[in-house]
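Contents: one structure, followed by commentary.
Both ligands and their constituent atoms are indexed starting at 1 by order of listing.
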Amino acid sequence: MTQPALDLVIAALERIREKSDRAPRASRTALARLQEAPVAASLREACTSPTGRRLQARDKADLLAAVRERVGACTKCAHLACSRTQTVFGVGNPDADLMFIGEAPGADEDQQGEPFVGRAGQLLTRILKAMNFAREDVYIANILKCRPDMPAGSFGNRPPTPTEMQTCRPYLVEQIDIIQPSVLVALGAVAVEGLLGTRAAMREMRGRWHTYNSIPLMITYHPAYLLRNQAPSEKRKVWEDMLQVMERLERPISKQQRNYFL
Ligand code: SF4
């Protein structure tokens, strides 16, 4: 089944499940499998040339551009398609070794069309700099590509719902399959839930290695959490998680970096 046709089937099933008295005979698990299996298979095929060589950065950029185009026209969550200024696809190096995953665009991101550009994003950029990375070196994306809508006249952001995350997740799966990073970092519990479907306390998940599709996955606090909680101990925890990431990527770590506090 082609991806556009698959999108239509999934969107139709989601609409029936949400609006009909009679639930369609498709469980969430079945929907998730339907969303992922053909995409992963077709991407695996597309990501390897006939000679078996892995795709180059330019090929990956082309594949990502095709997904970006579909995301830009996506209306699977009708309420978000109506309320968004624009979709927020992702930014960075299509051939990145390191990929960060957040939860959803906020107001700044919705306005600018780029993930992590608000205060939390500026802190993420500082963390990257301390790791000797520029934003252009890594890839940054969210589980949700549209800003979660807010009641008229209210401020701030709301977390995405499980249904919204499940609906949008296939796009992130495609991004990861194309980029094929060596290491993934999930920022915060919502990103973990969207990516792994796992709900647990951050103190139990962060600071140790998990895997997503055989890719090492580090879980750490969202930068927004560090803005709310300025305790040096919490900042140090995030930095220690990033030291583990640098070690995994075999990046040189100076003594100054070892002793660094965010
Ligand atoms: S959140 Fe994702 S699935 Fe929902 S409308 Fe936006 S791009 Fe489409």
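Comparing Cys146, Pro160, Ala78, Pro105 by heavy-atom distance to atom 6 (Fe) of ligand 1, the nearest is Cys146.
More than 12 heavy atoms of other residues, nucleotides or ligands shown are found within 6.0 angstrom of CD on Glu240.
Ligand 1 places these atoms under 4.0 Å from at least one heavy atom of Lys145: 7 (S).
Residue Cys168 counts as close to atom 2 (Fe) of ligand 1, with an N, O or S atom under 2.8 Å. Residue side and main chain included, Cys77 places an N/O/S atom under 2.8 Å of atom 4 (Fe) of ligand 1.
The protein atom (non-hydrogen) at minimum distance from atom 8 (Fe) of ligand 1 is Cys74 SG, 2.2 Å.
Considering every non-hydrogen atom in both Ser182 and Leu249, the closest pair reads CB-CD2, 3.9 Å. Counting all heavy atoms, side chain and backbone alike, Lys237 lies closest to Tyr221 at CD-CE1, 4.1 Å.
At a threshold of 4.0 Å, the pair Asp149-Arg158 counts as salt-bridged, since one of the basic side-chain nitrogens sits closer than that to a carboxylate oxygen.
For Arg206 (side chain) and Ala189 (main-chain N/O), no donor-acceptor pair under 3.5 Å exists by modelled atom type.
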